[in-house]
Amino acid sequence: MKTSRTAKPSKIKYILFLLRPYWKYGKGYMLTVILMSTLLQPVSAYLTALLPQKAIDAVMNDSPRKEVITIIVLFSVFIVIVAALEKVIQMAYTQMNLVKISNKIKNDVNEKALQTDYKYYDSPDFFVRFTFAQETYPIHAQNVMMFLPDILRGIATMIAMIAIIVTVGPVLLGITVFFVILNAIVGIPAIKPTADYNVSLTDAWRPLDYISRMLITKENAAELRSSGAGQKLLHTINAAMANFQKIYKRYIKKVAPFYLLQGAISPIQAACILVYVIFFVIAGDKSQIGLYASLTIASTALADSLNDAAGSIMQMLQCIANGEKVAEFFEADSEIEPVKENALPAPEGNYEVEFKNVSFGYENTAFAIKDLNLHISPGQRIAIVGENGAGKTTLTKLLLRLYDVNNGSVLINGRDIKDYDIHQLRLHTGVVFQDIRILAMSLRDNLTAYHNVSDEKLLEIIEKLDLGDILKKADGNLDTMISREFTEDGIALSGGEAQKLMIARLFTGPFGLLILDEPSSALDPLAEARLMNNLLDVSNTATTIMIAHRLSTVRNFDVIYHIENGKIIESGTHDELMVSKGKYYEMFVSQGENYKQ
């Protein structure tokens with residue numbers, strides 16, 4: 001699936017894109033770093049280069065020892081103060097801000113993921129962009145933040161070093177600049193291959209990340225040990241590593257020549273500078289030893305500054321390429337999840353639901369719903385049955401507006417679902433999915449995912465739904481973690497307990513609509529019967545849609561719809577469908593015979 005993007009900004013704007021979080025979350029930090037880079041550090045470098053000349057000249061001119069020591073001490077004190085100040089800021093201020101802003105950036109990525117339409121999760125390309133943004137956005141933003149002061153410091157230091165060199169060794173300046181430019185030019189061809197390599201790595205590591213998650217999850221431990229699945233996963237790791245090696249070899253072939261040339265430039269540059277200073281500046285005059293020392297230090301510092309600045313610029317160009325790839329994730333155009341102005345609030349009371357001439361299909365699949373019409377009155381309880389792949393769960397996703405229909409409309413209380421604030425509407429639509437996903441949160445947070453209620457209400461729900469064993473595991477503490485993901489003090493739940501916990505959320509507040517997708521699949525028959533009695537208690541008057549494979553659970557529903565290949569092929573009460581002896585009858589009789597056997 002291709003993402004729809006807004007107009008691409010010019011390349012330089014990707015630098016601003018990466019810097020934006022630092023300006024948003026750490027203006028003071030940015031200004032402090034820039035101030036340090038442009039003022040204190042260049043002055044320190046200037047004095048460091050000037051110190052040998054002043055001290056040696058004083059010795060060569062037979063100045064008193066006290067005067068020589070004074071020169072050394074004064075210069076050294078200032079240099080030490082700047083170094084200490086820089087270290088204190090680095091340890092006490094910089095690291096704290098880097099961690100804080102890095103976490104803010106990760107949160108921005110996660111917020112964007114929650115605001116991205118569900119349809120993108122059908123695309124492997126989206127996962128590559130998402131993973132790349134999640135793993136590298138903080139790193140690339142930090143790099144740009146570090147490169148910016150490096151460039152400014154390099155410029156300021158260059159000015160200071162040029163002031164020393166240009167008066168006595170102008171040719172030295174030319175030599176230094178020439179080699180720095182040569183070094184930068186040689187490195188340019190490696191920029192794009194490096195950016196492509198980083199993205200390829202993200203994709204190549206996905207199988208390894210998946211396997212790591214599988215291996216650390218208790219739910220998978222039994223299957224991996226009781227079959228050959230574990231060994232097959234290990235083979236997948238080997239294949240992924242072989243793929244990584246191929247990617248790395250291709251990358252090295254492209255960039256190695258340029259890096260080898262860059263490695264040869266530095267020693268040649270140092271030799272040229274040494275020859276020039278000895279033979280053309282000093283020219284055998286021993287009284288110029290101090291000047292020789294300062295020029296050597298200044299030229300080295302200038303070369304380092306120029307190389308650092310050039311390297312930072314090269315890294316900036318690299319960051320532009322990486323920033324563009326991170327921005328692709330943020331540029332995904334979502335129509336459903338972003339909060340819209342003037343959206344209708346979720347209505348109160350029971351919902352009237354209607355699918356009106358609805359057509360829908362997933363990309364790259366043959367499945368399709370065509371011209372489906374279905375009306376559910378407020379407070380009505382209907383069941384949707386059919387074989388796997390018939391389209392039952394798809395209707396649930398359309399009702400939650402995880403997808404938009406291709407044609408037709410889904411109506412809530414006579415209004416198109418697109419007119420409502422979808423986030424409010426979902427909070428008024430209680431859902432139990434077939435695939436149980438208990439979140440690594442406290443028992444309280446898991447129960448109050450929809451509505452916050454008092455502890456007394458939670459304890460009442462726990463008793464009503466036979467969740468006492470879970471509370472006992474938690475030693476009566478509602479703040480106990482329902483997972484050992486983060487702490488050994490967390491508790492593990494059985495499949496049935498997890499399913500009942502998910503259902504318990506539906507009792508925390510009023511809902512206009514309940515959607516139950518096989519809500520009792522992990523329960524034994526007795527627990528299932530008690531649960532269904534609770535769900536369909538006369539006190540629960542919410543409009544209810546239940547998706548079921550076990551037809552015995554829907555006998556008492558107001559209307560049962562049998563779906564096949566995205567179409568309603570029959571509907572009616574249980575008794576009516578049994579009399580008509582259609583496919584529902586065949587399924588019910590077949591299941592009954594299985595129970596007898």
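These numbers come from the heavy atoms of this one structure, side chains and all, not from hydrogens, waters or symmetry mates.
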With no hydrogens and no angle check, is any side-chain donor or acceptor of [X] less than 3.5 Å from a backbone partner on [Y]?
{"X": "E497", "Y": "S494", "answer": "yes"}
{"X": "N103", "Y": "V99", "answer": "yes"}
{"X": "K392", "Y": "G386", "answer": "yes"}
{"X": "S334", "Y": "D117", "answer": "yes"}
{"X": "T131", "Y": "V128", "answer": "no"}
{"X": "N406", "Y": "G361", "answer": "yes"}
{"X": "Q142", "Y": "I139", "answer": "no"}
{"X": "T544", "Y": "A542", "answer": "yes"}
{"X": "T543", "Y": "N350", "answer": "no"}

For E337 and R426, what are the C-alpha separation, side-chain angles and deciding distance, and is it a salt bridge (Lys or Arg N to Asp or Glu O under 4.0 Å)?
-> CA-CA 11 Å; E337 298 302 327; R426 288 171 183 164; 2.9 Å; yes
Results of side chain to side chain contact (heavy atoms under 4.5 Å, CB included) for L427 - residues two or more places apart only |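 Listed in chain order: Y450.
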Kindly write out the residues that satisfy side chain to side chain contact (heavy atoms under 4.5 Å, CB included) with K397, not counting sequence neighbours, or none if the list is empty.
->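 Expected list: Y118, Y362, T393, L402, Y403.
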Short N-O contact, R381 and D558, less than 4.0 angstrom =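 Salt bridge flag = no for D558 with R381.
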Can you tell me if [X] and [Y] form a side-chain donor-acceptor pair at under 3.5 Å?
{"X": "D108", "Y": "Y25", "value": "yes"}
{"X": "R505", "Y": "N446", "value": "yes"}
{"X": "H375", "Y": "E352", "value": "yes"}
{"X": "N373", "Y": "N357", "value": "yes"}
{"X": "H574", "Y": "Y584", "value": "yes"}

[atom2] on [Y] to [atom1] on [X], rounded to 0.5 Å:
{"X": "I461", "Y": "L467", "atom1": "CD1", "atom2": "CG", "value": "9.0 Å"}
{"X": "M502", "Y": "D517", "atom1": "CE", "atom2": "CG", "value": "11.0 Å"}
{"X": "I482", "Y": "I470", "atom1": "CD1", "atom2": "CD1", "value": "6.5 Å"}

Nearest heavy-atom neighbours spanning L443 and L471 |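 Minimum heavy-atom separation between L443 and L471: CD2-CD1, 4.0 Å.
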Please name the pair of heavy atoms, one in I422 and one in L400, separated by the smallest distance, quoted to 0.1 Å.
->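 Heavy atoms only, the tightest pair is CD1-O, 3.7 Å.
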Not counting sequence neighbours, which residues clear side-chain hydrogen bond (donor to acceptor under 3.5 Å, both in side chains) with [X]? List them please.
{"X": "Q380", "value": "none"}
{"X": "D421", "value": "none"}
{"X": "N342", "value": "none"}
{"X": "D489", "value": "none"}

Under 6.0 Å between ring centres, would you say that holds for [X] and [Y]?
{"X": "H451", "Y": "F511", "answer": "yes"}
{"X": "F329", "Y": "F132", "answer": "no"}
{"X": "F330", "Y": "Y137", "answer": "yes"}

Dump the intermediate steps for salt bridge (Lys or Arg N to Asp or Glu O under 4.0 Å) on D455 and R444, then the final yes or no.
-> CA-CA 8 Å; D455 287 0; R444 183 197 310 279; 2.4 Å; yes
With K583 as reference, evaluate E570, E564, H562 under the side chain to side chain donor-acceptor pair (under 3.5 Å) test and give the passing residue.
->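 That would be E564.
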